[in-house]
Amino acid sequence: MNQCGLCERDLEAGHLCPGDTLALGERLERMPKLYAALAGFLNPAIRATTEFVSRSHATASLPVDEAVLDLRYGGIALVLEGWRSDVQRVRGWGEPAITGDVEERVRRAARWLGMELPWIAGAYPAAGDLAREVRELEGAALSIVGALPDRGRRIGQCVSVDSSGVICGAVIRLLPGQTKLVCDWCRCVYATEQDWLLLLHHQPTESA
C-alpha cells in the first residue's frame, strides 16, 4: 500500500491523494494570477516609525521589495519549470523549451503541470514534494498580496482548437458581473447562447 506524499494518507495506488491532487490543481491554476498580482507590490510599503533612524547613503533601503522581486523574477517561474523538467525527465521526454517573458513562462509551466496532474498523482514518485513546494510558493505569494479576488464559478475547460488541431483545455471561470466568457489562455470568447452550449456540451468527463 502506498502513502500520499503530502498528507501521508494510505493509498491503494499512486503518490498523491485525491484531496491533495485537487488542491495542487487549484494552486497551479491560481499561480499565474498570483504572479500578476505581485507586480503591484514591487515597491515596499512605507512604514510609520516613532523613532528617527539615521541611515547612511550606503545602507538606504532598496527601491523595490526583495521578496516580491525574488518571486516575480525567478522564484515562481524557476520552481514550476524545474518540476516540469523533472516530470519530463522521468517520462523520458527530454528538456522542455523555455520561451517567452517570465509571465508567459509561469503560465506555460503551471498549465502544463495542471494538464499532467493525473499522471503526476498516479505515477510520479516525487508528487508529494511537488505539491509541498507549490503550496509553500503560494503561501509566500499570498503573504504579500493577501487573498485573491473572487475567482468566480468554474464553467469548464476551453474547447477551442488551434491551427495545429490541439484543444486549448484551459479552465474557464465566470466572474461576478460577466456576460461573456473569455479564456485567459487563448483569449477565445464565448459570448452567445450557442457558444455557451458548445462549451458545456464538449467537456471532458473528469471536469464535470
Side-chain angles (χ1 to χ4, degrees), residues 4-8 14-17 19-45 61-149 151 157-158 162 166 168-171 173 183-187:
C4 175
L6 187 61
C7 70
E8 300 184 351
H15 300 281
L16 205 61
C17 71
D20 286 330
T21 300
L22 177 62
L24 174 57
E26 291 179 342
R27 289 187 175 104
L28 289 169
E29 184 185 330
R30 288 193 292 266
M31 203 57 65
K33 295 180 176 66
L34 271 173
Y35 175 86
L38 284 166
F41 294 82
L42 280 169
N43 292 325
S61 60
L62 292 173
V64 295
D65 189 306
E66 288 184 272
V68 179
L69 200 64
D70 288 343
L71 288 167
R72 282 272 302 178
Y73 298 101
I76 292 177
L78 291 178
V79 167
L80 297 180
E81 288 172 346
W83 282 112
R84 175 180 179 177
S85 176
D86 194 61
V87 170
Q88 293 198 189
R89 177 190 63 79
V90 172
R91 303 196 76 172
W93 291 352
E95 284 293 318
I98 305 300
T99 59
D101 59 20
V102 181
E103 184 170 9
E104 180 73 6
R105 287 166 53 193
V106 169
R107 290 175 60 200
R108 286 183 181 276
R111 179 172 178 258
W112 190 92
L113 289 168
M115 293 176 68
E116 294 298 318
L117 201 49
W119 183 89
I120 289 170
Y124 185 48
D129 293 331
L130 189 164
R132 185 175 297 105
E133 190 162 9
V134 171
R135 182 177 66 184
E136 292 171 354
L137 194 64
E138 183 187 54
L142 286 174
S143 71
I144 295 168
V145 306
L148 286 173
R151 296 185 299 131
Q157 293 170 253
C158 181
D162 66 17
V166 175
C168 174
V171 173
R173 293 182 178 276
C183 175
D184 287 338
W185 180 257
C186 71
R187 309 311 299 173

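Position 1 is the first residue of the sequence, and the numbers go up from there.
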Can you check side-chain contact (heavy atoms from CB on, under 4.5 Å) on Val145 and Val68, steps first, answer last? CA-CA 10 Å; Val145 306; Val68 179; over 6 Å; no
Derivation of the side-chain contact (heavy atoms from CB on, under 4.5 Å) call for Trp112 and Val87: CA-CA 10 Å; Trp112 190 92; Val87 170; 3.6 Å; yes
Passes side-chain contact (heavy atoms from CB on, under 4.5 Å), Arg30 versus Arg27? Steps please. CA-CA 5 Å; Arg30 288 193 292 266; Arg27 289 187 175 104; 3.4 Å; yes
Step by step, work out the side-chain contact (heavy atoms from CB on, under 4.5 Å) result for Arg91 and Trp119. CA-CA 10 Å; Arg91 303 196 76 172; Trp119 183 89; 3.3 Å; yes
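For the pair Thr21 and Ala121, the tightest heavy-atom approach, listed with the atom from each and the gap, is OG1-CB, 3.4 Å. Of all heavy-atom pairs between Arg105 and Thr99, the closest is CG-O, 3.3 Å. Leu28 approaches Gly114 most closely through the heavy-atom pair CD1-N, 3.8 Å. Contact between Ala110 and Met31 at its shortest, heavy atoms only, is CB-CB, 4.5 Å. Counting all heavy atoms, side chain and backbone alike, Gly122 lies closest to His15 at O-CD2, 3.8 Å. Summarising the geometry of Ala131 relative to Leu6, their closest heavy-atom pair is CB-CD2, 4.0 Å, with the distance given to 0.1 Å.
With sequence neighbours excluded, the residues forming a side-chain contact (heavy atoms from CB on, under 4.5 Å) with Glu103 are Tyr35, Ala36, Asp101, listed by chain and number. Applying the salt bridge (charged side-chain N to carboxylate O under 4.0 Å, His left out) rule to Arg135 yields no partners; only residues at least two apart in sequence or on another chain are considered. By the side-chain contact (heavy atoms from CB on, under 4.5 Å) test, Ala109 pairs with Leu80, Glu81, sequence neighbours left out.
The distance from the CG atom of Leu38 to the CG atom of Asp70 is 11.0 Å, given to the nearest 0.5 Å. The CD atom of Glu138 sits 10.0 Å away from the CD1 atom of Ile76 when rounded to the nearest 0.5 Å. How far NZ of Lys33 is from CZ of Arg107: 9.5 Å, rounded to the nearest 0.5 Å. Note: Asp86 CG to Leu130 CG = 8.5 Å, rounded to the nearest 0.5 Å. With rounding to the nearest 0.5 angstrom, the SG atom of Cys17 is 11.0 Å from the CD atom of Glu8.
A heavy-atom distance below 4.5 Å is not found between the side chains of Val134 and Leu113. Side-chain atoms of Gln88 and Glu95, non-hydrogen and from C-beta on, never get closer than 4.5 Å to each other.
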